[in-house]
Student: 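Before I ask anything, here is the structure I am working with.
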Amino acid sequence: MFFWLLDINHEVVKDNVEIRLWGKDSSGCTVLVVTEGTPYFYILPKEEMDLENALRKIEAECGKHKEIVKTELVGKRYFGKSVKAVRVLCKTPEAVEKYSRLLSKTLPIGEHLEDDIRPATRYILENSVSPSGWYDVEASRVVRPGLHVDQIYRAVKPPTLVERLEAPNLRTLAFSILCMSEKGSPDPSRDPVLAITIAPHQGRIEQLVSDGRDDREILETFTSRIGELDPDVILGYGQNTFDWPYLIERAKRQKARLPVDRMGSEPHRSVYGHISVTGRANIDLADVSHDIPEVKLKTLGSVAEFLQVAKRVDIDRFQDAHAGELWRSLERRRPLLENQQRRAEASLKIGRILLDSMIQMSNVTGLPLDQVAAAAVGHRVDSYLMMQAYRLNELIPRRTEQPYTPYQGATVLEPKPGVHENVAVLDFTSMYPNLMIINNLSPDSYVGDESIPDGEVIVAPEVGYRFRREPPGFYRRVLEYLIAIRRDVKQRLEKADPNSVEYRVLREREKAIKVVTNACYGYAGWVGARWYVREVAESAAAFGRATLRRVLQMAESLGLAVIYADTDSVFVKYDRSKIERLLREVESETGMEIKIDKIYIRVLFTEAKKKYAGLLPNQTLDIVGLEAVRGDWPNAVRLVQEGILKLVLSNKNIEEAVEFLRTYVQKMRLGEVPLSDFIVWKTLIKPVEAYRVKTPHVEAAKTLLRDGWNLKVGDKVGFIIVKGSGRLHERARPYLMASIDQVDVEYYISSQVLPAAMRVLGMFGLKEDAVLGSADASSLSRYIGQD
DNA sequence: CGCAGGCGGGG
DNA sequence: GTGTACGCCTGCG
């Protein structure tokens, strides 16, 4: 039987672990394959220990406990060394937890390992069954009441991989709930669910509306409709943190149940804080939005607009406390309900667009579809490395609590301020992964204070850490493997028809592999990583600095003018033959690929690092780091600075830029700029009470909290600076509580718009008073093109 | 005036 | 819960 693996969980049935593989078969039927799981952990005796003796002791101790099935000595590797470990097989995961601890306490003979691997993960690793892929399994039909799938099988043998790229047709729906409160956030202990919208991919959109007091009926209808529609994928926006917990709490209050999964039980919280619906993939698109860095403000409307499925303003409405009042009158309720429908439809469309990439990320990293959406990059890499460790017969280290020590990172050069014409940006392809491969930077090749002949090690510059040249370390093997499979996917892409499904899948697969490859360096320096060794990350950074330094030397000796450099990129004055020579020489010396990334017709640098704007040959403007692209500056500032940059870079027209600024400032003073362009958004990175300083956004948040709002870590606070006296934070108002005539326009002009404008205009020798003074813009001096 | 806390975006 | 480097705001002594 062929099936595509959608979800995996385990149940303990009569002291045995049953692994449940939920999937779809090749005809689109839902299937469940049950099989046994074997829970176990390892004891790794200390090196000086006599193995026979250790094993005898362990066996003697294990013999006393009936939940331990057996022990066996197995050959494994641990941090690159061949070791013998004792595998302790248990009946249940609970026994694994209990005896791994007990044994290491009563028998202090070594480390206990892999007791932190959950049964479903263990099964994935052991049988190489990565989720979101096709498998062939020899299985017999069985009957199991109470499980909601078309067919149930018992596996006779472990599944084997089937090379088939295309995912099956997944039944998908999106849902959204509507709850309201007279003030602030709705509270499930008080406010009923007012409406639930279900938007199935196939079929009509449904809206279940309650009478506003008793939501029991719509909760029950929702549950039964999910059962009837039987989705493989459940989409939503924020349902892990809002909709599901709210529904669960409401159901509890109503003494109702929410058996929406495929085994008749309720949604529950799982590993990455997400809500798991067994047998289906519950995907919160708010989690997935973090994979789209281009979308700054993570609202459903912003994501919808970015993906061109809806206009932001049509989606992000009624998301504030005022909406509660709308529910009261019947005719004003209509737009509220219509908006909710649009939100569910937008979620559905967004999900359909993003599903391919999530499926590939799931299959590459080995995390089930619902988990991969919720897991952060570090956990995705963690999962990937665990699969690779299994492939290489390496024991999986546990996460350990350890202190965090910062280390020195990359080099950033002081830019040459001014406008430069024809500037090429050269950069290395995957610099950190390549440095890790070339220098064998890996936890297992890292040589601490052991004495080793100089010829056998590579020494990292500046930091002096040593790494064995041979054998290839874990990171090196994994990174080489990643690069090899990516190359293979790229080759297949070249042959594929760009309009085919195959092409689309391969493109997403290639992206997923790239993300994992590029995250390995950061992962190596993350204290939470299973394979965290700070010296590895620190050495990669040091090799990076040395490499960049060398490129700068070589550019200089070739007579190429360097304008700026950051980490793995160098900005040089365009000179085709010299650049080509530089690239060749750098490649042969470093063994890494470096190429021209882009050529700016004109690029403007201020004195600041990491801030510049460049004009590309197709007339588009690249703005990096400047206020115009930052989310914590009001629209007014972004708009003015971007406008000025466009004028000075594409037309070289400073007079027009000054005129543009003057006109905008005038509009501000005349009240012709809308309130929304004055809003400053800042994120709360900790609970409001935890702040020791009084800042505008924290004070605005306090005002909102006093008004009954529910603000949490990660929430964005939009505020306005209003007229009046006192410190800035005393004049910060939540934007919903301010009107246009209260705005301190002069503050915005002098402290926000002008500084941002002058950062650009100042580069042309203009002074603030000259710009806003009475002088005619056309009499301003021109400084363009000096370099 | 200088330093610290806070935040966001870059490579 | 990938890393470090950086700029620039406001608060505060």
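Quantities reported herein were computed from a predicted structural model and do not represent experimental measurements.
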Student: Within this structure, what is the NZ-to-C1' distance between Lys694(A) and dG6(B), rounded to whole angstrom?
Tutor: 16 Å
Student: Among dG8(B), dG10(B), dC8(C), which is the nearest nucleotide to the side chain of Arg630(A)?
Tutor: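 Among the listed nucleotides, the one closest to the side chain of Arg630(A) is dG8(B).
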Student: Using a heavy-atom cut-off of 4.0 Å across all strands, would you classify Gly522(A) as base, sugar-phosphate, or nothing?
Tutor: base
Student: Just call it for Pro755(A): base, sugar-phosphate, or nothing, with non-hydrogen atoms closer than 4.0 Å on any strand.
Tutor: nothing
Student: Taking only the side-chain heavy atoms of Ala376(A) (C-beta and beyond), determine which of dG1(C), dC7(B), dG10(B) contains the nearest atom.
Tutor: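 Given the options dG1(C), dC7(B), dG10(B), the side chain of Ala376(A) is closest to dG1(C).
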Student: Among dG8(B), dG7(C), dC7(B), which nucleotide sits nearest the side chain of Thr683(A)?
Tutor: dG8(B)
Student: Which nucleotide in the set dT4(C), dG8(B), dC12(C) lies at the smallest distance from any side-chain heavy atom of Tyr404(A)?
Tutor: dT4(C)
Student: Would one find more than 12 heavy atoms of other residues, nucleotides or ligands at under 6.0 Å from atom NZ of Lys511(A)?
Tutor: yes
Student: Between Phe678(A) and Tyr748(A), is the gap from one ring center to the other below 6.0 Å?
Tutor: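 Ring centres of Tyr748(A) and Phe678(A) closer than 6.0 Å.
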Student: What do you reckon, are the aromatic ring centroids of Tyr532(A) and Trp526(A) less than 6.0 Å apart?
Tutor: no
Student: Think Tyr691(A) has a side-chain N or O under 4.0 angstrom from the OP1 or OP2 of dC7(B)?
Tutor: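 For dC7(B), OP1 or OP2 has a side-chain N or O of Tyr691(A) closer than 4.0 Å.
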Student: Counting any heavy atom closer than 4.0 Å, what does Val377(A) reach on the DNA or RNA strands: base, sugar-phosphate only, or nothing?
Tutor: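 Result for Val377(A) = base.
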Student: At 4.0 Å (heavy atoms only), tell me whether Ala537(A) reaches a base, stays on the sugar-phosphate, or touches nothing.
Tutor: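 The answer is nothing, as Ala537(A) stays clear of every strand by at least 4.0 Å.
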Student: Which part of the nucleic acid does Val629(A) contact within heavy-atom distance under 4.0 Å: base, sugar-phosphate only, or nothing?
Tutor: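 Sugar-phosphate: the residue Val629(A), judged by heavy atoms under 4.0 Å, touches backbone atoms but no base.
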Student: Atom NZ of Lys514(A) and atom C1' of dT2(C): how far apart are they, to the nearest Å?
Tutor: 17 Å
Student: Does Asp291(A) pair with Arg380(A) as a salt bridge, N-O distance under 4.0 Å?
Tutor: yes
Student: What's the closest nucleotide to the Trp633(A) side chain, out of dT10(C), dG8(B), dC9(C)?
Tutor: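 Among the listed nucleotides, the one closest to the side chain of Trp633(A) is dC9(C).
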Student: On the nucleotide dG5(B), are OP1 or OP2 found under 4.0 Å from the side-chain N or O atoms that Lys686(A) carries?
Tutor: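 Indeed not, no polar side-chain atom of Lys686(A) lies that close.
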Student: Of the candidate nucleotides dG11(C), dC9(C), dG8(B), which contains the atom at the shortest distance from the side chain of Arg727(A)?
Tutor: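 Nearest nucleotide to the side chain: dG11(C).
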Student: Taking the side chain of Trp526(A) as heavy atoms from C-beta outward, which of dC8(C), dT2(C), dT10(C) is closest to it?
Tutor: dT2(C)
Student: If you only use heavy atoms from C-beta on, which nucleotide in dC12(C), dG8(B), dC7(B) is closest to the side chain of Ile685(A)?
Tutor: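 The answer is dC7(B).
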Student: If you assign each of Gly528(A) and Tyr407(A) to its closest nucleotide in DNA chain C, which residue comes earlier from the 5' end?
Tutor: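 Closest to the 5' end, via its nearest nucleotide, is Gly528(A).
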Student: Considering every strand and a 4.0 Å limit on heavy-atom distances, what is the contact class for Lys610(A): base, sugar-phosphate, or nothing?
Tutor: base
Student: Is the distance from the ring center of Phe571(A) to that of Phe605(A) below 6.0 Å?
Tutor: yes
Student: Is the distance from OP1 or OP2 of dT2(C) to the nearest side-chain N or O of Arg380(A) less than 4.0 Å?
Tutor: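 So the side-chain polar atoms of Arg380(A) never come under 4.0 Å of the phosphate oxygens OP1 or OP2 of dT2(C).
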Student: Is there a side-chain polar atom (N or O) of Tyr747(A) under 4.0 Å from OP1 or OP2 of dT10(C)?
Tutor: yes
Student: Going by an N to O cut-off under 4.0 Å, is there a salt bridge joining Arg476(A) and Glu480(A)?
Tutor: yes
Student: Identify whether any heavy atom of Tyr432(A) sits under 4.0 Å from a base atom; if not, whether one sits that close to sugar-phosphate; answer base, sugar-phosphate or nothing.
Tutor: nothing
Student: Contact class for Tyr612(A) (heavy atom, under 4.0 Å): base, sugar-phosphate, or nothing?
Tutor: sugar-phosphate
Student: Counting only side-chain heavy atoms from C-beta out, which of dT2(C), dC12(C), dC6(C) sits nearest to Lys609(A)?
Tutor: dC6(C)
Student: What integer distance in Å separates Gln402(A):CD from dT2(C):P?
Tutor: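 One finds 16 Å between P of dT2(C) and CD of Gln402(A), rounded.
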Student: So, OP1 or OP2 of dC7(B): does either fall under 4.0 Å of a side-chain N or O from His697(A)?
Tutor: yes
Student: How many Å lie between CE on Met431(A) and P on dG10(B), as a whole number?
Tutor: 20 Å
